[in-house]
Amino acid sequence: MSESKENEEGLLGSTSSRRDFLRIAGTGIAGAFVTLTLGCATMVRTQDGKNLKVWATPSGAMVQDPNLCVGCRRCEAACTVRNDGKASAYVARVKISRNLNYGVEGVSSAYALADGQHGNFRIVAQTCRQCAQPKCGDACPAGAIKADKKTGARIVDARRCVGCGACQDACPWHIATLDPETRVSTKCSLCDGDPTCAKACPTGSIKFYTWEEAEKLLWGADATSGASAVSGATA
Amino acid sequence: MAQTFGWTGKILRVDLTNGKVSIDDTMKYKDFIGGEGIGYKILWDEVPAGTHPYDPENKLIFGAGPLCGSGVPCSGRTTIVSLLPTSSHHGAGSSHMGGYFSVEMKYAGWDAIVLEGKAPKPVWIRIEDDKVKIEDARWLWGKGIFDTMAMIDSQMGKEAQVAAIGPAGENQLNMAVIRTGTSHSAGGHGGILGAKNVKAVAVKGTGSVKVAADRSKLMELDKYMMSIIGANNQMVVPSSPQPWAEFSDKGSRWTGRPGLYWGAANPPVETGTCDPHDMQSVGFRTMKAVFDLGAGAEKYTVRMGGCAHCPIRCHSQLKVPQLEKYGMDPFVSNTCVGWSGPRGVMYNGIKEFDGNGEDSSIVGNAIGTTMVDDLGVWCNYGQIGRDVKYLYTKGIFKKVLPAEEYASIPWDKLEKGDATFLIDFYDRVAHKKGEIWHIADGSAWFAQRWGLGDEYWDYKDNKLWTRGGYPVHHSNEAGAQVGALISCLTNRDSQNHSHMNFIGSKLPIAIQKEIAGEIFGSPDALDAPMDYTKMNEYKARFIKYAVVRGRLHDSLTLCNWMWPMAVSPLKERKYRGDTSLESQFFSAVTGVAKTEAELDKDAERVVTLLRALTVRSMGTVDMRNTHDAMNKWIYTPDKKDGKEIAQFTKGTIQMEKSDLDLGLGMVYKQFGWDEKTGAPTKAALEAVGLKDVAEELGAKGLLPA
C-alpha cells in the first residue's frame with residue numbers, strides 16, 4: 001500500500017469526520033498556527049490556550065465483512081505472531097474472538113437468534129478504525145501513540161508506553177489492548193503497509209480499505225460494528 | 001518454571017473430591033508430546049487396572065499439544081483421554097473436539113486439565129487465566145448443552161469457551177459426548193464428567209502461545225503449508241472441472257465451484273473457482289453442506305464454520321426455518337457423521353413428512369443433530385442407527401422391551417420415514433427412560449444384556465469391527481488390509497485419517513501409487529479401490545505410518561482429519577505434499593529441533609503406551625486372539641447369485657482370514673511387538689523409552705515370553 005492521495009491532503013480532506021473535526025475544533029483553532037507534518041500528530045495551541053493534538057490522516061484501515069468471515073481466527077494468530085512473536089487472541093489487533101460466540105452485544109436470552117456461533121452464525125469483527133481524532137492517542141499520558149510516518153496508522157511506541165491502559169479505556173470499542181504479559185499497549189499498525197491479517201484470511205473477509213472507503217464502511221451504516229456495511233445486510 | 005515455547009509449561013489438576021486445585025509441570029511429560037500422549041501417561045501412572053470409567057479413581061484429561069494455539073493450520077483440536085465406558089474391557093481411549101476450547105485453554109496458560117475424583121454435588125469449573133474456581137452447577141444440571149453454554153457465558157463473559165455435557169452425560173450414558181462450541185462433540189467420555197458431577201469446564205484466556213523461531217520463519221512455513229493443503233480430508237482434486245485443475249472427481253469434498261453459493265448468506269456468497277494459489281479462497285473450497293446433505297442444502301447454507309486456526313471449513317452452518325415447527329431454533333451446524341450418525345436411526349430413510357416436501361431429508365437431519373447436540377448423546381460413529389435397524393427389524397426390541405413400553409414407541413413413524421421419530425427416540429435414550437435407552441450402553445454391553453450372540457457381531461450390515469464394541473471407521477473399505485488392521489489397534493473406532501487422507505485424495509491411482517512408493521518403499525503399499533491384493537511388507541509400513549501419525553496429531557494437537565500433508569493440489573509439485581511439515585512446525589514453534597523420524601519416534605512411544613494400557617486393562621498378552629480378533633463378516637466372502645465371490649478379485653472388499661492373520665503379525669513386527677501375541681516386548685518398550693512400563697508389565701506377568 002502506498003501513501004495515498006488522502007494522506008497528502010491530510011486534514012484538508014473532504015470526508016465527513018474530518019469536516020466534523022474541523023467544525024468542532026474550528027473556533028478554537030482559528031487564528032492558531034497549524035502545521036501538518038505528514039505521518040505525525042502535531043500539537044497546536046488554541047486561542048484559549050489549550051493544547052490540541054492534530055492528527056495526520058491514515059492511509060486507510062482494516063475492515064472485516066461479517067458475511068464472508070468463517071471464524072477461523074487465522075487473522076488473530078497471524079497478527080500476533082508477526083507483531084509479538086507469539087500467538088494470542090486477546091492482544092490481536094483484529095478482534096474476532098470476543099464476538100465469535102454471541103456477537104458484539106454479548107449473551108442474551110435470545111442468543112439462539114442473535115449474532116455469533118451460538119446464534120445466527122454471523123461473525124462481526126471489530127477492527128481499529130484509525131480514527132481521525134483517535135481517543136486512544138488523545139488519552140495517552142505518555143505521548144506513546146502517534147501516527148506512523150509511512151501509513152498514518154495510529155501506532156504505539158512501546159518504548160514510551162507506560163502500560164496504564166488509558167488508551168484501552170478511552171477507545172469506544174476497546175481496540176487498543178494492554179498486553180497482560182508485557183504491560184505494553186498494542187493496537188493495529190497496518191503492519192507497515194502490508195497487513196498480515198488480510199494475507200492470512202482464507203476467504204478475503206478482512207481487507208485493507210483506503211481511508212475514504214474505510215470511513216464509509218466503518219462509520220456509514222452501523223456505528224457499533226461498522227462492518228455490516230461491507231455486505232450491506234445481515235445474515 | 002523455565003520459559004517454554006509452544007507448551008505453556010503448566011498442567012492444571014482439579015481434585016473434585018476435596019476441591020483442591022494444583023499445578024503440574026508439563027515438561028516432565030515432554031517425551032509424550034502433549035494432548036493424547038500426556039493423557040495416556042497420566043492414565044498409566046495414576047489410574048490402576050480394573051478401574052471402572054465411572055469410578056472416582058478414573059481421571060479425565062483435556063489435552064492440547066505444543067502446536068495448539070500457535071496458529072499452525074488445523075491446530076484447534078482438543079484431545080480428551082480417559083477410560084472408555086463403551087469398551088468391553090474399559091480400555092483407554094481418546095475422544096476429540098474441534099472448535100476453540102483447547103486454544104482458549106492454552107491462552108489461559110494450560111496445556112492440559114486433569115479432572116480427578118468426584119465432586120460431592122454438581123459443579124462446573126471456571127478458569128480465567130490462572131484463576132480457577134469450582135462453581136455450583138445447581139442451576140445448570142438437567143439443562144441442554146446450548147442453554148448451559150449461554151448461562152455460563154453470561155457469567156464469565158461472552159468470549160469464554162465451554163465444554164459441557166447434556167442430560168445424557170449427567171445420566172452416565174456410555175454413549176454420551178462432551179461438546180464445545182456450536183457443533184463440536186467428543187464422543188464417548190460424556191458419562192465420565194457426569195459421574196464426576198462436572199457439568200462443564202469453561203475457560204477464558206488473555207495469554208499467548210510463545211513461538212521460539214524467528215517470527216518470519218513461522219510465517220514462511222505457514223505460507224508453504226497453505227500452498228500444500230487441500231480440501232476437507234486433504235482431498236486435493238476438485239469435484240467438478242476447474243480451469244486450474246488437471247483432474248476432477250465427483251466424490252471429492254473440494255466442492256467449491258462457480259455457481260455454487262452459501263445460499264442463505266445475505267447477500268449469497270459464491271464459492272467460486274478456488275484456485276489453490278489463491279490463499280484468500282481456501283475457505284470456500286469445502287462446501288460441505290451439499291456434500292453431506294445434498295444439493296438442496298445450498299439454499300440453507302449461511303456459511304461454513306469449523307475450528308480455530310483452520311482454513312478448511314468443514315462444518316456447515318445452516319438456517320433451516322422448518323425447525324421452528326418443532327420448537328427448535330432454526331440455526332444448526334455440523335459435519336459428516338455429526339449429521340448422518342444421529343439421523344441414521346431412520347433406517348428406512350427419511351421420506352416426506354409434515355409437509356416439509358423435498359427438503360424433508362435436510363429437515364430430518366437437522367432435527368437429529370439438534371437433538372443429540374443438545375442432549376449430548378453419542379452415535380458411536382453411526383452405530384446407533386445400525387443397531388436400531390437390527391434390533392427393530394429382527395424383532396429383538398419386541399422381545400426385550402416391556403410390552404407397554406414397546407407399544408408406546410411410535411414405530412410407524414420410523415417405518416414411514418417421519419423424522420420426528422428422532423425427537424421421541426433421543427428423549428427416551430438421553431433420559432434413560434424404560435429399557436430402550438440401554439442401546440446407549442454400547443454394543444458390547446447391550447449384546448450381553450439382551451442376549452445377542454455371534455449372529456449380532458458377525459452380521460455384515462452391523463459393521464462391528466471387534467467384540468470390543470466399536471464399528472468400522474475407514475477400515476477394509478479404505479486401502480484393504482491397511483484400514484482393516486489399523487482398526488484393530490484402538491479401543492474404539494480407530495478415527496484414523498492418516499491413511500484415509502492419502503487413499504481418498506482423489507488423485508489418479510497411478511500418481512497415488514507413485515507417491516506411496518516414495519513414502520512407503522513400494523507402490524504396492526496401495527491398492528486401487530475395490531481391486532485388492534494380498535498383504536505385503538509395504539502395507540505394513542503404511543499402517544505403521546498411519547497409526548503413528550494419528551497419535552502424533554492427537555498429541556500435537558493437529559487435526560488428523562486434515563493432516564498429514566502427503567499430497568498437494570499443485571501440478572507444479574507433481575501433487576507431492578510434504579510429510580515433514582509436522583516436524584518443521586514442531587521445531588519452529590517449540591525450539592526443540594526434531595527431524596521427521598525423531599518426532600515419529602515420540603509418537604511411536606505414545607502408540608506403544610496405548611498398547612501397554614490395553615494389555616494391562618485386559619490382563620492378557622494375547623492381543624491377537626482377544627483385542628485384535630476381527631468379527632467374521634469382515635473375512636466372509638460376498639455372494640452373488642448364490643455363488644461366493646473370491647477375495648482379491650475385482651469388485652469385492654471382503655478380506656481373507658489367513659491374510660489378515662499374516663498381516664497382524666507383520667504390523668506387530670513393524671512396532672517390534674511379539675509377532676505371536678501382538679503384545680509389546682520388553683525390548684520394544686525399552687526401545688521407545690518405556691522401561692518403567694516394561695517393569696510393571698513384567699511384574700504382572702504381562703510381557704510376552
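Order of the sequence lines fixes the chain letters, A, B, ..., with proteins taken first and strands second; residue numbering starts at 1 for each chain. Scope of the values below: all heavy atoms of this structure, side chains included, with no hydrogens, waters or symmetry mates.
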For A/Asp179, which atoms come within 4.5 Å of any heavy atom of chain B: side chain, backbone, both, or neither? neither

Segment of B/Val269 engaging chain A (4.5 angstrom heavy-atom cut-off): side chain

The reported gap from CD in B/Gln317 to CD in A/Gln117 (rounded to nearest 0.5 angstrom) is 4.0 Å

Considering all heavy atoms of both residues, which atom of B/Thr206 and which atom of A/Ser88 are nearest to each other, and what is their separation? O-OG, 4.3 Å

Side-chain heavy atoms of A/Tyr111 within contact of B/Met149, under 4.5 Å: no

Which pair of heavy atoms, one from A/Lys86 and one from B/Ser208, lies closest together, and at what distance? CD-OG, 3.1 Å

Are the side chains of B/Lys210 and A/Glu181 in touch, meaning some heavy atoms are under 4.5 Å apart? yes

Option among A/Ile123, A/Leu68, A/Asn120 that satisfies the side chain to side chain contact (heavy atoms under 4.5 Å, CB included) test with B/Arg303: A/Ile123

Please classify the contact of A/Thr196 with chain B as side chain, backbone, both or neither, using a heavy-atom distance under 4.5 Å. side chain

Work out which heavy atom in A/Gly103 is nearest to a heavy atom in B/Lys158; give both atom names and the distance. O-NZ, 3.4 Å

Can you find a pair of side-chain heavy atoms, one from A/Tyr90 and one from B/Asp129, that are under 4.5 Å apart? no

I need the contact set between residues 153-165 of chain A and chain B: heavy-atom distance under 4.5 Å, sorted by residue number. none

Where on B/Ala160 is there a heavy atom nearer than 4.5 Å to chain A: the side chain, the backbone, both, or neither? backbone

